[in-house]
Visitor: 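Can you keep this structure in mind? I'll have questions shortly.
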Amino acid sequence: VDTKNLNLTKFIATVQEQEVKFSGAITNISKRPMLVPRIKILGVREDRKIILEKVLILEDKIIPPSSEISFDKLVGVNIQN
């Protein structure tokens, strides 16, 4: 996927117990339709240890030209200490 024409905005991750809620918007600034990329998430502690690694696969497959799609996804996780 050519990501130079896609902007990820309003990205928020909220942790509750053993679930993480991811939300945000992807804007296509191109004049052509674009495939929706997979979003790789890394959760890192202050000591740089990776405690979470997930790939978000969104339901929408194509973003029309000059438009925006929003996502709101709840993912169950096992956070390693």
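Quantities reported herein were computed from a predicted structural model and do not represent experimental measurements.
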Visitor: Output all residues satisfying side-chain hydrogen bond (donor to acceptor under 3.5 Å, both in side chains) with Lys40, sequence neighbours left out; order by chain, then residue number.
Guide: Glu53
Visitor: Answer with yes or no whether the hydrophobic clustering places Leu74 together with Leu52; edges join I, L, V, M, F, W, Y residues whose side-chain heavy atoms lie under 4.5 Å apart.
Guide: no
Visitor: So, applying side-chain contact (heavy atoms from CB on, under 4.5 Å) with Leu35, which one of Ile62, Leu6, Asp60 is it?
Guide: Ile62
Visitor: Drop me the distance from Ile69's CD1 to Glu59's CD, to the nearest 0.5 angstrom.
Guide: 9.5 Å
Visitor: Distance-only criterion, 3.5 Å: show the donor-acceptor pairs between side-chain atoms of residues 19-31 and protein atoms not counting sequence neighbours.
Guide:
{"from": "Thr27", "atom 1": "OG1", "to": "Glu68", "atom 2": "OE1", "distance (Å)": "3.1"}
{"from": "Asn28", "atom 1": "OD1", "to": "Ser30", "atom 2": "N", "distance (Å)": "2.8"}
{"from": "Asn28", "atom 1": "ND2", "to": "Arg32", "atom 2": "O", "distance (Å)": "2.9"}
{"from": "Asn28", "atom 1": "ND2", "to": "Ile63", "atom 2": "O", "distance (Å)": "3.2"}
{"from": "Asn28", "atom 1": "ND2", "to": "Pro64", "atom 2": "O", "distance (Å)": "3.2"}
{"from": "Ser30", "atom 1": "OG", "to": "Arg32", "atom 2": "N", "distance (Å)": "3.0"}

Visitor: Quick one: side-chain hydrogen bond (donor to acceptor under 3.5 Å, both in side chains) partners of Gln16, sequence neighbours excluded?
Guide: none
Visitor: For Glu46, enumerate each residue passing the salt bridge (charged side-chain N to carboxylate O under 4.0 Å, His left out) test, keeping only those at least two apart in sequence or located in another chain.
Guide: none
Visitor: So how far is it from Ile39 CD1 to Lys73 NZ, rounded to the nearest 0.5 Å?
Guide: 10.0 Å
Visitor: Set out, in order, the CA-CA distance, both residues' side-chain angles and the distance that settles side-chain contact (heavy atoms from CB on, under 4.5 Å) for Arg38 and Ile57, then state yes or no.
Guide: CA-CA 5 Å; Arg38 294 179 179 195; Ile57 301 172; 3.8 Å; yes
Visitor: Using side-chain hydrogen bond (donor to acceptor under 3.5 Å, both in side chains) as the criterion, list what pairs up with Asp47, not counting sequence neighbours.
Guide: Arg45
